[in-house]
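Note that the structure is a prediction, hence the values are computed from the model and not measured. The sequence lines fix the lettering, A, B, ..., with proteins before strands; numbering per chain opens at 1.
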2 protein chains.
Amino acid sequence: MSSQKILLAARSCFARDGYEGASLQKIAEEVGIKKPSIYAHYKGKEDLFLHVMTLVFSTVKRRIIDYFIQNHQAPLESRMKNFFDWMLQEYEMSDNARFLIRSGYYPPAGLYGQVMDILIPFLDGLRRALTRLLQREMLTGGVHCKDPKEASIAFLTVVEGAVVELVCGWPDRYQSRAAAVWPVYWKGINA
Amino acid sequence: MSSQKILLAARSCFARDGYEGASLQKIAEEVGIKKPSIYAHYKGKEDLFLHVMTLVFSTVKRRIIDYFIQNHQAPLESRMKNFFDWMLQEYEMSDNARFLIRSGYYPPAGLYGQVMDILIPFLDGLRRALTRLLQREMLTGGVHCKDPKEASIAFLTVVEGAVVELVCGWPDRYQSRAAAVWPVYWKGINA
DNA sequence: ATTCACCTTCCTAACGGTCGTTAGGTGAAA
DNA sequence: TTTCACCTAACGACCGTTAGGAAGGTGAAT
């Protein structure tokens, strides 16, 4: 199916060059077809971008949930600590994370509303899932914090604060930030 | 002087639309001149961008240092805590912070090296200044942390983690992140 | 004091190129 | 025979950039 190949090539280009920087020409080349052939599968650049976006968001959500489920036997502390390494891998290995962050931070001007309508529920869902996880772990003694909701917001904040170094293309600076901020965070939420 | 007006208009456009998204047409309109007149003052779009960049970086560095000097009589805790509010103001009031963050996260493809040659010393200088501040405060009991360098990296991380919400245009979410992450950070660095 | 050359600043016009997009046709599959 | 994926050709719009010239000011030479 070639509309799938277009979708993946577009994801790669949008992730690398951004919406304005990416061109249908380049996407078509990567697939091995001519530019106007894209219009047999998508209504235009905006339509293609929105299809990529829904694919990416559902994929990333699934992968994050899978990470926490797959390691459910490990103690919460190491699960959260290792999340930084997992995120690094995720960002460097696939276009999903790069696309999501770039389009989330700086969406194409004309699609601001439509991007945010997907991004906000995504982030809020992530935050709620993390809050529930912390609440569950409080019962079994995996963590001792007085406000799991605030702790989950803080966790997303420190993770994203480290991720911005990945955005600039410095995995070593990312790891240095992760190493510095993790002990502070863990000590900070455990009263 | 009209090359100054071009510089400021360019800063505003680059901050709002990014390098690829901004056009000399729009910049010229904002100044009130025709597009080719820009070439009487700058060699081209890249040259103009680099001039804006050096202006912005020196301005922002100066303003951050001024913030910490002006409030030097206040306890460190409130100086760092209030930095979040100061940053919010700074981001919303002027184009400087918006330009810096956008160009730092996603610099124009052809200028990656030149942007990073300015950005990296800027961030490292900031980190070193913060480390020295923490070291000084440790002597007077303003803070009790065992590793001021790690604490300063962690502070920049949590600040940037909150700032990414400003990038998306949500000051309320920024404040919620700041409110959640600050107590965690402060408790976390004070052993 | 006048002339002249020169420089800056802005203009109009136009360049070549790339962008997203559309029209219209071809060939194979259903 | 209709439908679908793909093509070539070309559209209009916009991009950054250049050429060439019209004003105005400056400073030195006549």
Practice problem: With heavy atoms under 4.0 Å as the rule, sort Ala28(B) into base, sugar-phosphate or nothing. | Solution: nothing

Quiz item: Hey, quick one: are Phe49(B) and Tyr112(B) part of the same hydrophobic cluster, counting side-chain heavy atoms closer than 4.5 Å, chains of contacts allowed?
Solution: yes

Quiz item: Applying the 4.5 Å side-chain criterion to the ILVMFWY set and letting contacts propagate, would Ile189(B) and Trp182(B) be lumped into a single cluster?
Solution: yes

Quiz item: Parallel, tilted or perpendicular: which describes the rings of Phe83(B) and Phe155(B), with under 30° parallel and over 60° perpendicular?
Solution: tilted

Exercise. Fit a plane to each ring of Phe84(A) and Tyr174(A), take the angle between them on a 0 to 90° scale, and name the class: parallel (under 30°), tilted (30 to 60°) or perpendicular (over 60°).
Key: tilted

Quiz item: Per the end-axis method with five pairs at each terminus, what is the bend angle of the helix from dA1(C)-dT30(D) to dA30(C)-dT1(D), to 10°?
Solution: 10°

What pairs of nitrogen or oxygen atoms, one from the protein and one from nucleotides 10-17 of chain C, lie under 3.5 Å apart?
| residue | atom | partner | partner atom | Å |
| --- | --- | --- | --- | --- |
| dC10(C) | OP1 | Ser2(B) | OG | 3.4 |
| dC10(C) | OP2 | Ser2(B) | OG | 3.3 |
| dC10(C) | OP2 | His41(B) | NE2 | 2.4 |
| dC11(C) | OP2 | Lys34(B) | N | 2.6 |
| dC11(C) | OP2 | Ser37(B) | OG | 2.5 |

What is the separation between atom [atom1] on [X] and atom [atom2] on [N], rounded to the nearest whole Å?
X	N	atom1	atom2	value
Ile27(A)	dC19(C)	CD1	P	11 Å
Glu20(B)	dG16(D)	CD	P	10 Å
Leu24(A)	dC19(C)	CG	P	9 Å
Phe49(B)	dT17(D)	CZ	P	14 Å
Leu48(A)	dC19(C)	CG	P	15 Å
Ile38(B)	dT8(C)	CD1	P	18 Å
Gln25(B)	dC19(C)	CD	C1'	16 Å
Tyr39(B)	dC15(D)	OH	P	12 Å

Quiz item: Should Glu20(B) and Lys45(B) count as an ion pair when the cut-off is N to O under 4.0 Å?
Solution: no

Quiz item: Can you find a side-chain donor-acceptor pair between Tyr105(A) and Glu160(A) that sits under 3.5 Å?
Solution: yes

Quiz item: Side-chain contact, heavy-atom cut-off 4.5 Å: Ile27(B) with Leu48(B)?
Solution: yes

Quiz item: Are Arg177(B) and Val164(B) side-chain neighbours, meaning at least one heavy-atom pair lies under 4.5 Å?
Solution: yes

Self-check item: Under 3.5 Å donor-acceptor, Arg102(B) side chain and Phe14(B) backbone
Solution: no

